[in-house]
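A quick write-up on the structure given underneath.
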Amino acid sequence: MIPLKFTVAVFLMTAPAWAQFSREDMTKLAADRFDTAVKTLKLSADQAAAIKPLLETKYVDIGQVKDVYRASDKGHDSKKEARDSLKAIDGKFNGQINSIFTPEQAKEWKRMQKDWKDDLILPK
């Protein structure tokens with residue numbers, strides 16, 4: 001009985017994260033990530049101005065991939081395609097963003113990305 005309760009609890013905790021990915025929701029998430037990056041990495045005004053549109057586009061793109069996955073059959077091929085798309089988005093934007101940072105900021109950004117990894121993981 002306890003494993004069932006645990007499974008249900010985990011499902012309920014993770015389900016809302018996959019509920020919807022409107023452009024507005026993902027833009028808000030990007031703004032939150034941006035604010036955290038500015039404070040944590042102590043970004044200059046030029047750095048902040050350069051990464052803000054990159055983060056917004058990255059998170060909107062992530063939301064679109066997740067929406068497509070949600071509407072799919074959620075089979076092996078759909079999951080692989082979504083996972084590959086999310087990795088490509090992450091690689092593309094993190095490469096552009098890292099080029100704006102100092103080496104110390106890039107190292108901290110990498111750590112922050114690990115903390116935010118749930119943005120890129122598909123549900124089981």
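Numbering of residues begins at 1 and proceeds along the displayed sequence. FYI, side chains are in, hydrogens and waters are out, and symmetry mates aren't considered; it's all heavy atoms of this structure. Everything numeric here is computed off the predicted structure, so don't read it as measured data.
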Heavy-atom closest pair, residues [X] and [Y]:
{"X": "Q47", "Y": "S44", "result": "OE1-N, 2.9 Å"}
{"X": "Q105", "Y": "T102", "result": "OE1-N, 2.9 Å"}
{"X": "Y59", "Y": "M26", "result": "O-CE, 3.0 Å"}
{"X": "L55", "Y": "A30", "result": "O-CB, 3.6 Å"}
{"X": "S78", "Y": "D73", "result": "OG-OD1, 2.7 Å"}
{"X": "A82", "Y": "V65", "result": "O-CG1, 3.7 Å"}

Point to revise | Check: K74 side chain, R70 main-chain N or O, donor-acceptor pair, under 3.5 Å | key: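 Judged by distance alone, yes, a pair lies under 3.5 Å.
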Check your understanding: Counting only N and O atoms by type, is there a donor-acceptor contact under 3.5 Å from the side chain of T57 to the main-chain atoms of L54?
Key -> no
Review point. Taking a hydrophobic cluster as the set of Ile, Leu, Val, Met, Phe, Trp and Tyr residues connected by side-chain heavy atoms closer than 4.5 Å, whether directly or through intermediates, do I100 and M112 fall within one such cluster?
Key: yes
Check your understanding: In terms of side-chain geometry, is the basic nitrogen of D25 or K28 positioned less than 4.0 Å from the acidic oxygen of its partner?
Key -> no
Check your understanding: Are E108 and R111 close enough for a salt bridge, meaning some N to O gap below 4.0 Å?
Key ->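 Salt bridge flag = yes for R111 with E108.
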**Study point:** Residue pair T40 / W109, side-chain heavy-atom distance below 4.5 Å
**Key:**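 A side-chain contact is absent here, since even the closest heavy-atom pair is not under 4.5 Å.
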Check your understanding: With side chains defined as the heavy atoms from C-beta onward, is the minimum distance between F101 and L41 less than 4.5 Å?
Key ->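 Yes, side chains in contact.
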Point to revise | Check against side chain to side chain contact (heavy atoms under 4.5 Å, CB included), Q64 and V68 | key: CA-CA 6 Å; Q64 290 171 344; V68 168; 5.6 Å; no
Practice item. Go through the steps to decide whether N94 and D90 satisfy the test side chain to side chain donor-acceptor pair (under 3.5 Å), and finish with yes or no. Key: CA-CA 6 Å; N94 280 343; D90 190 50; 2.7 Å; yes
Exercise for review: Any chance you could lay out the salt bridge (Lys or Arg N to Asp or Glu O under 4.0 Å) test for K80 and D84, step after step, and finish with the verdict?
Suggested key: CA-CA 6 Å; K80 182 180 178 341; D84 290 347; 2.8 Å; yes
Point to revise | Interatomic spacing from CG in L86 to CD in E81 - rounded to 0.5 Å | key: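 Spacing of CG (L86) from CD (E81) equals 10.5 Å.
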Check your understanding: Measuring from S85:OG to D61:CG, what's the distance to the nearest 0.5 Å?
Key -> 10.0 Å
